[in-house]
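The structure under discussion appears below in the form of structure tokens.
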Amino acid sequence: MSNVDYAPRTAAWRALGERAGALSDVTIEALFEADPERFGAFSVDGPGLLLDFSRQRLDRRAVSLLLELAAQTGVAERIGQMFGGEPINNTEDRAALHVALRRPADRPLAVAGTDVMPLVETEREKMRSLAEALESGALRGYTGEPITDVVNIGIGGSDLGAVMAVKALGEYRNPVPGIHFVSNIDGVELSQVLERVAPATTLFVICSKSFTTLETLTNAREVRAWLLAHGGDAAIASQCVAVSTNHEAMDEFGIAAERRFAIWDWVGGRFSLWSAVGLALALAIGWRNFEALLAGGHAMDEHFRHSPFERNVPVMLALIGIWNRNFLGAGSHAVLPYDDHLSRLPAFLQQLEMESNGKSVRRNGKPVECRTCPVVWGESGSNAQHSFYQLLHQGIDPISIDFLLPAASGVDRQAQQDLAAANCLAQTLALAVGDPQAATDSPHRGYPGSRPSSLLLFERLDPATLGQLIALYEHKTFVQGVIWDVNSFDQWGVELGKRLASGLTKAVSGGNGRDDPQPIAGALDRLRAARPR
Ligand code: F6P
């Protein structure tokens, strides 16, 4: 990207700054009064969902400038490059082709001239046959008893997506297996899970793209010792499967060749739920439902690839985020789903957005010249209302918000879902309109209003809709990365902490203190004194 089309130096960026200034005293209520067609003009239908951004603090001119910004920063070209398998992850010289993972097998997609769809289909078939064997009771452990439980051992992108989706699709789960997740390094989850599952009937999925991640390997080694103690090598052979790009490390661990699932370096961890990284999910909900999730993701890909930007939900969601972040100063972004099934969505989006776009260096290595990814956070409504909404309504800092709302109850409690809907809409209304008058009685009671939010509305949370939602946020993240000119597909910022931790392991458990790095020497001393020996 040259400096001419670098977002902060474009004419559109300058004009957007001016537009934000011109609108700074205009209330959201006034925007509605000035434009009776506002809902129609400020909402977009995508596959399976509606994006209503009419309560954002912008007008038609601002929207058209945002669209100009997308044009001036080459978003269309970059979308073409992504779907074309070009190495858009430039710091690692890799493609970012997660869209292949949810694409129908008979539609070729090439990386460096080679169609990857046959590879994808081979792994899908392996996943399908494992899921079907489990469902039919044919998948058995070392004693010959059918598998009843599945434990996914992975972290970050090898955990968060599956955790989120297993919770989201709780009503689509098969009665067997029980699904468990172990990610953290401290051994707490591991202990709790091993207490709950039986050695003879539990399948362990070791999920690590690199197969070098300390947390995953530590937990996996503990599991291997536990299985060996109960069932010997036969238990490892029949009850451990692995998902990775690293075949040598899987050899070393003793994963049987027929128990391996491949992924590829053109899939980023946080974009990998659709691959065998989603195996635990596929085993939980069955293959047909997993395929419906893939189809939902693919439908969003088609919409993203082919819709004009003004009718393109991921592009519009990204542009609204840019408006709030770069022109209205929102440093954080709250995701508030009004369906408890989506309670882990904020955690998933934290990795997706913050690991992708939490960067201060441009693709060409120069410092960025604008704000990039906001802090992403959230909680399901209405729990969140009784926790932090005080700050949303009366706090100081601007915060951008996505509300998510299904119309139908996922648990056949429509009257309660209607209450959830009423609460969700009440909040978006209260934020937009406020009640400044109330301040005349007491300054503590006033609601300033004009606090913007978007609403993603969908009929019901089923596998296809979840696929659409995840792909929507993936593409939103990508488009924002293009506009900020950061590489959304690397994560160099996580390496230093890992390196330092491996150097400190000995110091924690018994160093003599001589080589302790000064900024943590005092803390290390205290820790050594306090830890049990
Ligand atoms: O430390 C961050 C990270 O590299 C993430 O990007 C990734 O999703 C996670 O660790 C797990 O990595 P792996 O799948 O290689 O174990």
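We count residues from 1, following the sequence as given. Scope of the values below: all heavy atoms of this structure, side chains included, with no hydrogens, waters or symmetry mates. All ligand and atom numbering here is 1-based and tracks the order in the structure. Keep in mind the model is a prediction, meaning the values are calculated, not measured.
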Sub-3.5 Å donor-acceptor pair from the side chain of [X] to the main-chain atoms of [Y], do we have one?
X    : Y    : answer
R460 : G410 : no
T372 : K359 : yes
N219 : N184 : yes
S275 : V277 : yes

Given a heavy-atom cut-off of 4.0 Å, could you list the residues near ligand 1 in chain and number order?
I155, G156, G157, S158, S208, K209, S210, T213, Q351, E355, Q491, V494, K498
Within 45° of the six-membered ring axis of W266 and under 6.0 Å from that ring's centre, is NZ or CZ of R94 located there?
no
Cation-pi check, R362 onto Y6 ring (under 6.0 Å, within 45° of axis):
yes
